[in-house]
Amino acid sequence: MADELDPDALADGSEPLFSFGVIADIQYADLEDGFNYQRSRRRYYRHSLVHLQGAIEDWNKERRPPSCVLQLGDIIDGYNAQYKVSEKSLELVMDTFKMLKVPVHHTWGNHEFYNFNRDFLANSKLNSKFLEDRIVQHPETTPSENYYAYHFVPFPKFRFVLLDAYDLSVLGIDQSSPKYEQCMKMLREHNPNVELNSPQGLSEPQYVQFNGGFSQEQLNWLNEVLTFSDLNQEKVVIVSHLPIYPEASDSVCLAWNYMDALSITWSHKCVVCFLAGHTHDGGYSEDPFGIHHVNLEGVIETAPDSQAFGTVHVYPDKMILKGRGRVPDRIMNYRREALC
């Protein structure tokens, strides 16, 4: 369970093993403020870049700099495509990230695919796969080129796995391709609405066009990585744009086949945390297997007088999220089996 945190005083006074930064749903665009699709929440398109700059300044000034930053997807808004400024806006945000003194791991969300196709992203600065670690003696843990996923080790015995939540999707791929046809068939089987972004009347409301899912090939790979981590007595943090645990998310914003991914994480004792974005208003829950599911509050819906990012301090027995602005602090203890 995540307890209230007094960020200025840890009871045991111990130093963390390492830390990492987290930020989600920047969705920058050079536009006046607007609203979400339901017109219920304000979006601060231009100011999101100021928030990013503030986060980077903060991370750079930390007494113990984070080992890396996880950018949880939707780095620029889909409106950029409408105004034909996608590449210009991406360049501006990536130039801002250059101020950061540590590596950034980028996940891909729906807004990446509103702006670019998958081939463009694979050859762009948003492909951070060059930061991966390989387990040479276990080739089955090497990801396929068919999806954008990899794993890396920021500190001994801690492995981070970055997933491609739009591996199954109708976004960003050639509409004449067999995969597009397969994904559209899957979507229409679960969503008969004319407007495929509408969850109205659906028994499985996550089956909307702005979500996606994990192919069986990617899930098999994830299972292999987690099997290795179990044997190697590692602790694993999984990173995805889309959440997979309903208690930490609204029912619409989940990955299409979230249960398939969840069942794999539940079959491995190594997984301690699952980090996602997408929901914008955040969420948290510890599942029955002791995995902490954290959905980070989105920068795009954060008022100019607040903030939305955090630093996770990693200890042998817990992780402590020190949030800024509307990201709350959390203490996330590992389950007893994960303390070995």
Side-chain angles (χ1 to χ4, degrees), residues 21-60 68-118 120-128 148 165-166 171-172 210 239-242 253 275-282 295-310 323-327:
V22 283
I23 192 165
D25 299 276
I26 298 165
Q27 287 183 223
Y28 169 75
D30 185 14
L31 292 173
E32 298 298 321
D33 297 349
F35 289 90
N36 63 344
Y37 299 115
Q38 295 78 31
R39 299 198 62 77
S40 58
R41 294 201 299 265
R42 186 174 286 275
R43 292 187 169 179
Y44 305 90
Y45 296 106
R46 210 170 270 137
H47 202 87
S48 65
L49 196 64
V50 180
H51 281 321
L52 174 61
Q53 290 163 349
I56 289 170
E57 286 169 15
D58 214 65
W59 283 319
N60 284 343
C68 64
V69 166
L70 306 177
Q71 189 276 111
L72 300 176
D74 283 4
I75 197 168
I76 64 172
D77 196 86
Y79 272 127
N80 287 288
Q82 192 175 315
Y83 293 102
K84 296 182 168 50
V85 289
S86 299
E87 291 189 46
K88 180 184 175 185
S89 291
L90 178 61
E91 197 63 33
L92 184 58
V93 178
M94 297 308 282
D95 281 348
T96 304
F97 265 114
K98 285 179 185 174
M99 295 159 40
L100 187 63
K101 296 174 182 175
V102 300
V104 185
H105 296 267
H106 297 284
T107 58
W108 298 347
N110 46 310
H111 283 263
E112 275 74 24
F113 293 110
Y114 296 153
N115 284 286
F116 308 111
N117 65 33
R118 190 166 276 270
F120 179 96
L121 290 171
N123 293 291
S124 76
K125 293 173 184 174
L126 284 178
N127 184 345
S128 49
Y148 172 65
Y166 289 83
L171 304 176
F210 59 78
V239 184
S240 163
H241 182 66
L242 296 180
C253 285
L275 290 165
H278 196 52
T279 62
H280 294 187
D281 38 357
N295 296 346
L296 213 70
E297 287 74 6
V299 171
I300 182 63
E301 290 175 9
T302 301
D305 62 352
S306 186
Q307 251 298 3
F309 70 99
R324 269 55 149 226
R326 65 194 196 102
V327 175

Relative to the ring of F97, is the ring of H106 parallel (under 30°), tilted (30 to 60°) or perpendicular (over 60°)?
perpendicular

Counterpart residues, side-chain hydrogen bond (donor to acceptor under 3.5 Å, both in side chains), relative to T302 (two or more places apart):
R326

Between atom CG of N80 and atom OH of Y114, what is the distance when rounded to the nearest 0.5 Å?
13.5 Å

Measuring from atom OH of Y166 to atom CZ of F210, what distance do you get when rounded to the nearest 0.5 angstrom?
8.0 Å

Applying side chain to side chain contact (heavy atoms under 4.5 Å, CB included), can you list everything that pairs with N127, at least two apart in sequence or on another chain?
W108, A122, K129, Y148

Can you name the residues that form a salt bridge (Lys or Arg N to Asp or Glu O under 4.0 Å) with K125, not counting sequence neighbours?
E91

Any idea which heavy atoms bring A55 and I23 closest together, and the distance?
CB-CD1, 4.1 Å

Using the salt bridge (charged side-chain N to carboxylate O under 4.0 Å, His left out) rule, collect all pairs that involve residues 101-110, keeping only residues at least two apart or in two chains.
none

Looking at every non-hydrogen atom in both residues, tell me the closest pair between L121 and E112 and how far apart they are.
CD1-CB, 3.9 Å

Pairwise distance CZ(R324) to CH2(W59) - rounded to 0.5 angstrom
8.0 Å

Non-neighbouring partners of D30 that pass side-chain hydrogen bond (donor to acceptor under 3.5 Å, both in side chains), sequence neighbours left out
R46

By side chain to side chain contact (heavy atoms under 4.5 Å, CB included) - contacts of Q82 (at least two apart)
Y79

Who pairs with K98 by salt bridge (Lys or Arg N to Asp or Glu O under 4.0 Å), at least two apart in sequence or on another chain?
D95

What are the two closest heavy atoms between C253 and H278, and how far apart are they?
O-CD2, 3.3 Å

What residues form a side-chain hydrogen bond (donor to acceptor under 3.5 Å, both in side chains) with N117, not counting sequence neighbours?
none

Would you say L52 and V299 make side-chain contact, with heavy atoms under 4.5 Å?
no

Under the side-chain contact (heavy atoms from CB on, under 4.5 Å) test against Y28, which residue among L90, L92, D77 passes?
L92

For S240, enumerate each residue passing the side-chain hydrogen bond (donor to acceptor under 3.5 Å, both in side chains) test, keeping only those at least two apart in sequence or located in another chain.
none

Please tabulate, for the side chains in residues 303-310, all donor-acceptor contacts under 3.5 angstrom to protein atoms that are two or more places apart in sequence or on a different chain.
{"from": "Q307", "atom 1": "NE2", "to": "H51", "atom 2": "O", "distance (Å)": "2.8"}

Measuring only between side-chain heavy atoms, which start at C-beta, is T107 closer than 4.5 Å to L70?
no

Looking only at the side chains, is there a donor atom on one of D33 and H47 sitting less than 3.5 Å from an acceptor on the other?
no

Contacts of type ring pair (Phe, Tyr, Trp, His ring centres under 6.0 Å), residue Y44, not counting sequence neighbours
none

Whether the side chain of N110 engages the backbone of D74 through a donor-acceptor N/O pair (distance < 3.5 Å, no angle test) should be reported.
no

Quick check: closest heavy atoms across R41 and T279, and the distance to 0.1 Å?
NH2-O, 3.7 Å

Got N295 and H280 here, is their nearest side-chain heavy-atom distance under 4.5 Å?
no

Would a 4.5 Å heavy-atom cut-off, applied to side chains only, mark Y45 and E32 as touching?
no

Close side-chain approach of D25 and L72, heavy atoms under 4.5 Å
no

Close side-chain approach of S48 and Q27, heavy atoms under 4.5 Å
no

How many angstroms lie between CD1 in I75 and CD1 in I300, if you round to the nearest 0.5 Å?
12.5 Å

Just jot down the side chain to side chain contact (heavy atoms under 4.5 Å, CB included) partners of E87, sequence neighbours excluded, or say none.
F116, F120

Check whether any side-chain heavy atom of D281 sits under 4.5 Å from a side-chain heavy atom of E301, and report yes or no.
no

Quick one: does Q71's side chain get under 4.5 Å of L126's, heavy atoms only?
yes

